[in-house]
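See structure below.
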Amino acid sequence: MYIPHSEEKTREILNTLGLSSLEDLFSHIEPSLLEKTENLPEPKSEEELRRYFKGLAKLNKPLIYFVGGGAYDRIIPSAIWQILSRGEYLTAYTPYQAEASQGTLQALFEYQTLVCELTGMEVANASMYDGASALAEAVLMARAIRGKGNKVLLTEGINPLYREVVKTYLLGYQDVVEVVPLSGEGTVNLELLENYLKDGTCHALAIQYPNFFGFVEPLKEISWLAQHYDVPLVVVADPIALTILKPPGEFKAHIVVGEGQQMGVPLNFGGPYVGFFASREEFVRKMPGRIVGLAEDIKGQRAFTLILQTREQHIRRERATSNICTNQNLMALANLLYMVLLGKKGLREVATQSLSKALYLKEKLLELGFELPYTGKHLWEFPIKHPKAEEIHHKLLEKGFMFGLSLKRFGYSNCLLVAVTEKRTREEMDQLLEVLKDIV
C-alpha cells in the first residue's frame with residue numbers, strides 16, 4: 001500500500017530543500033518542454049518506424065576507442081550472449097522460487113566462487129548494481145564493522161564519479177568525507193594518508209587498485225597503515241588487472257568491490273553495468289545484497305538457494321544491512337561466462353596484451369611531444385598531458401577516434417586519460433599516430 005506524504009510532511013521536505021512549492025522541483029526544466037505539444041506528426045506504421053530509425057542509425061559514426069575511465073571496449077566472445085539468450089537465463093532479477101530456479105542459482109553460485117578466486121576473498125554476493133554503488137555500500141559496511149568514528153577516507157586515485165556516489169550515500173549519516181591527495185607517482189601520498197589516520201576517527205579507508213589514472217597503488221603499505229590504525233580497508237579493484245596483480249585478499253583487505261562491465265558486457269550508453277562485492281567470511285552478516293548458497297534437498301541431493309538475504313523486505317527494517325534489494329543477475333551471468341570461456345590463461349592474455357599495447361602507444365605519444373603528469377607504474381591506462389589536449393581530443397573525434405577521457409572536468413587541465421585494450425590492433429594505433437602527427 002502506498003501512503004503519500006501529509007501536507008505537513010511535504011512542507012517540511014520543501015523547506016529543507018529551500019523550495020516553496022512542488023512545481024519548484026521541476027524549475028530546472030526548460031519551460032517550453034513542459035508545454036503541451038501541438039501539431040504532432042501523423043503516426044507511422046511499424047515498418048515505417050523501422051525504416052525511419054534505421055536511417056537515423058546510419059548517421060552514427062563508429063569510433064575506435066582509446067578511452068576507459070571505468071568503461072572499456074574489450075573483445076566479447078559471441079557465445080556469451082547466445083547462451084544468455086536462453087529462456088532460463090533471460091531475466092534481470094534473482095529468482096525467488098529456489099526450487100524452480102536451480103540452473104540460474106547454480107550459475108550465480110559459480111559466479112560468486114570465481115569472484116572469490118579473483119579477489120582472494122572468502123565470500124562474495126550475487127552482484128550489485130554497479131561499481132560505484134558497490135563502493136558506497138562497502139563504505140557503509142566498513143562503518144558497521146568499525147562501529148565508531150565519523151570520517152571516511154577516499155584516495156584521490158578513486159574514480160571521481162565513484163567518490164560522488166559515496167558522498168551521496170553518506171549524506172544521511174553526516175559523516176566527514178576526506179580525499180587523500182596523490183604523490184608525484186600518481187598513487188596515494190602515504191605520509192599524508194597516515195596523518196589522516198592518526199586522529200582515530202576514521203571508520204573506512206577506500207582505495208582503487210589500479211587507480212583511476214591507471215597506476216598500481218602500493219597496497220602492501222596501505223594495508224599496513226589500515227591494520228596499524230584499526231581501520232577497515234575497502235579496495236575497488238579492476239577484475240582484469242587482478243589476473244596479473246596480487247589480489248587484495250593477500251593484503252588483508254576487508255572488502256573488495258569493482259565494476260564487472262569489462263567481462264562480457266558491451267558498452268551501451270552508460271549501462272547496464274554490474275558491481276561485484278566480496279569480503280572476509282567473518283563479516284558476511286554485514287554484507288549487503290544476497291548470497292546464493294549450496295544446501296541439500298529433502299532427498300539429500302545438493303540444491304542451491306538464496307541465503308542471508310539481509311534486505312529490508314525480508315527482515316525488520318532496522319536490522320537490514322542495506323536497502324539494496326536486487327542484483328544485476330543477467331550481467332553477473334555474463335561475467336561468469338566470460339571468465340569460464342576465457343579461463344585463467346585467456347584472462348591473463350587479455351591483461352598482458354592490453355599492457356603491452358598501452359606501453360607501445362605511450363612511447364609513441366611521448367615521441368610526438370606528449371608528457372606524463374605522473375611517474376608511477378601503470379597498466380593499460382595512463383594520463384597524458386599536452387597544451388592542446390582538448391583541441392586534440394575534439395579533432396580526433398572528427399577523424400573517428402575517441403582518444404582519451406578529458407580530465408578537465410575533474411580539475412586536471414590539459415590532461416587526457418588514455419586506455420588501450422586487447423581489442424586495439426597495431427594498425428589502429430599506427431593510424432591514430434599518423435593522424436596525430438598532423439594535429440600536434
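As a basis for the values below, the full set of heavy atoms in this structure was taken, side chains included, without hydrogen atoms, waters or symmetry mates.
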task = Answer yes when K198 and E194 have at least one side-chain N-carboxylate O distance shorter than 4.0 Å, and no when they do not.
result = no

ask   = Looking at side-chain heavy atoms only, is the closest gap between I145 and I255 below 4.5 Å?
value = yes

ask   = Side chains of L233 and S223: does their closest heavy-atom pair fall under 4.5 Å?
value = yes

key: Donor-acceptor contact present, side-chain N211 to main-chain G186, <3.5 Å   = yes

ask   = Quick check: are there more than 12 heavy atoms from other residues, nucleotides or ligands sitting under 6.0 Å from CD of E122?
value = yes

ask   = Heavy-atom count around K388 NZ within 6.0 Å, excluding the residue itself: above 12?
value = yes

key: CD on E191 to CG on L225, rounded to 0.5 Å   = 11.0 Å

request  = Sequence neighbours left out, what passes salt bridge (charged side-chain N to carboxylate O under 4.0 Å, His left out) with D438? Give chain and number order.
outcome  = none

L170 and V152, any side-chain heavy atoms less than 4.5 Å apart = yes

message = Taking the basic N atoms (NZ, or NE/NH1/NH2) and the acidic carboxylate oxygens, is any pair closer than 4.0 Å for E434 and K437?
response = yes

task = Output yes when a side-chain donor or acceptor of S279 lies under 3.5 Å from a complementary backbone atom of F283, and no otherwise.
result = no

inquiry  = Tell me the closest heavy-atom pair linking M331 and V274, and the distance in Å.
reply    = CB-CB, 3.5 Å

key: L108 side, atom CG; T113 side, atom OG1 - distance, nearest 0.5 Å   = 10.5 Å

query = For Y412, what residues pass the ring-ring contact (aromatic ring centres under 6.0 Å, His included) criterion, not counting sequence neighbours?
reply = F213

key: Polar side-chain atom of E428 near backbone of T425 as donor-acceptor pair, under 3.5 Å   = yes

task = Under the salt bridge (charged side-chain N to carboxylate O under 4.0 Å, His left out) rule, collect the residues that match up with E349, sequence neighbours excluded.
result = none

message = The criterion is salt bridge (charged side-chain N to carboxylate O under 4.0 Å, His left out); which residues satisfy it with D175, sequence neighbours excluded?
response = R143

Spacing of CG belonging to L118 relative to CG belonging to L114, to within rounding of 0.5 Å = 8.0 Å

query = In chain order, what residues pass the ring-ring contact (aromatic ring centres under 6.0 Å, His included) check against F410, with sequence neighbours excluded?
reply = F212

task = Please lay out, stage by stage, how V180 and E156 fare under the test side chain to side chain contact (heavy atoms under 4.5 Å, CB included).
result = CA-CA 6 Å; V180 186; E156 189 182 345; over 6 Å; no

remark   = When rounded to the nearest 0.5 Å, the distance separating CD1 of I384 from SG of C415 is 9.0 Å

message = For the NZ atom on K399, are there more than 12 heavy atoms of other groups (residues, nucleotides or ligands in this structure) within a distance under 6.0 Å?
response = no

key: Heavy-atom pair with the smallest gap, counting every atom of P248 and V235   = CG-CG1, 3.8 Å

note = Residues Q208 and T155: closest non-hydrogen pair is N-OG1, 4.3 Å

message = Surrounding NZ of K364 (heavy atoms of other residues, nucleotides or ligands, distance under 6.0 Å), is the total greater than 12?
response = no

task = For residues P383 and L417, report the shortest heavy-atom separation together with the two atoms involved.
result = N-CD1, 3.8 Å

ask   = Roughly how far, to the nearest 0.5 Å, is OG of S133 from CZ of F277?
value = 10.0 Å

task = Start with the C-alpha gap between L153 and V177, add the side-chain angles, then the distance that decides, and say whether side chain to side chain contact (heavy atoms under 4.5 Å, CB included) holds.
result = CA-CA 6 Å; L153 291 183; V177 180; over 6 Å; no

ask   = For Y209, what residues pass the ring-ring contact (aromatic ring centres under 6.0 Å, His included) criterion, not counting sequence neighbours?
value = none

inquiry  = Which residues pass the salt bridge (charged side-chain N to carboxylate O under 4.0 Å, His left out) test with E422, not counting sequence neighbours?
reply    = R74

key: salt bridge (charged side-chain N to carboxylate O under 4.0 Å, His left out) evaluation trace for E12 with K9   = CA-CA 5 Å; E12 181 184 341; K9 191 67 177 177; 3.7 Å; yes

task = Return each pair, listed once, that meets side-chain hydrogen bond (donor to acceptor under 3.5 Å, both in side chains) where at least one residue sits in residues 232-258; pairs must be two or more places apart or across chains.
result = D238-Q262

query = Passes side chain to side chain donor-acceptor pair (under 3.5 Å), R426 versus Y360? Steps please.
reply = CA-CA 9 Å; R426 176 69 174 268; Y360 169 78; 2.9 Å; yes

task = Decide yes or no for L245 and P210: does some side-chain heavy atom of the first lie under 4.5 Å from some side-chain heavy atom of the second?
result = yes

ask   = Atom SG of C202 and atom CD of E178: how far apart are they, to the nearest 0.5 Å?
value = 8.5 Å

request  = Measure from the side-chain N and O atoms of N159 to the backbone N and O of G69, and report whether any donor-acceptor pair falls under 3.5 Å.
outcome  = yes

task = For the residue pair L361 and L365, establish whether any side-chain heavy-atom pair is separated by less than 4.5 Å.
result = yes

Contacts under 3.5 angstrom, residues 339-347 side chains, donor-acceptor by atom type, not counting sequence neighbours:
none

key: Side-chain donor or acceptor of N125 paired with backbone N/O of P288 under 3.5 Å   = yes

inquiry  = Going by ring-ring contact (aromatic ring centres under 6.0 Å, His included), name the pairs with one or both residues in residues 130-163, residues two or more places apart or in two chains.
reply    = none

query = How close do K151 and D199 get, heavy atom to heavy atom, and via which atoms?
reply = NZ-OD2, 3.0 Å

key: Option among E390, H394, H393 that satisfies the side chain to side chain donor-acceptor pair (under 3.5 Å) test with S406   = E390

request  = Side-chain contact test, heavy atoms from C-beta onward, threshold under 4.5 Å: evaluate it for W81 versus I76 and give yes or no.
outcome  = yes

key: Sidechain-backbone polar pair: N189 side chain, L192 backbone, donor-acceptor under 3.5 Å   = yes

inquiry  = Does V292 form a side chain to side chain contact (heavy atoms under 4.5 Å, CB included) with T305? I'd like the steps, not just the answer.
reply    = CA-CA 6 Å; V292 178; T305 187; over 6 Å; no

Heavy-atom donor-acceptor pair, R146 side chain to V231 backbone, under 3.5 Å = no

task = Would you please name every residue forming a ring-ring contact (aromatic ring centres under 6.0 Å, His included) with F370, sequence neighbours left out?
result = H386

Any donor-acceptor pair under 3.5 Å from N335 side chain to G260 backbone = yes

ask   = Hey, does F403 have a side-chain heavy atom less than 4.5 Å from the side chain of L432?
value = yes

task = Please list all pairs passing the side-chain hydrogen bond (donor to acceptor under 3.5 Å, both in side chains) test where one or both residues lie in residues 371-380, with sequence neighbours left out.
result = K362-H378

query = Going by heavy atoms in the side chains, are K385 and L372 under 4.5 Å from each other?
reply = no

message = Determine whether a donor-acceptor pair (N or O, by modelled atom type, separation under 3.5 Å) exists between the side chain of E259 and the backbone of Q261.
response = yes

inquiry  = For the backbone of A303 and the side chain of Q102, can you confirm whether one donor and one acceptor N or O come within less than 3.5 Å of each other?
reply    = no

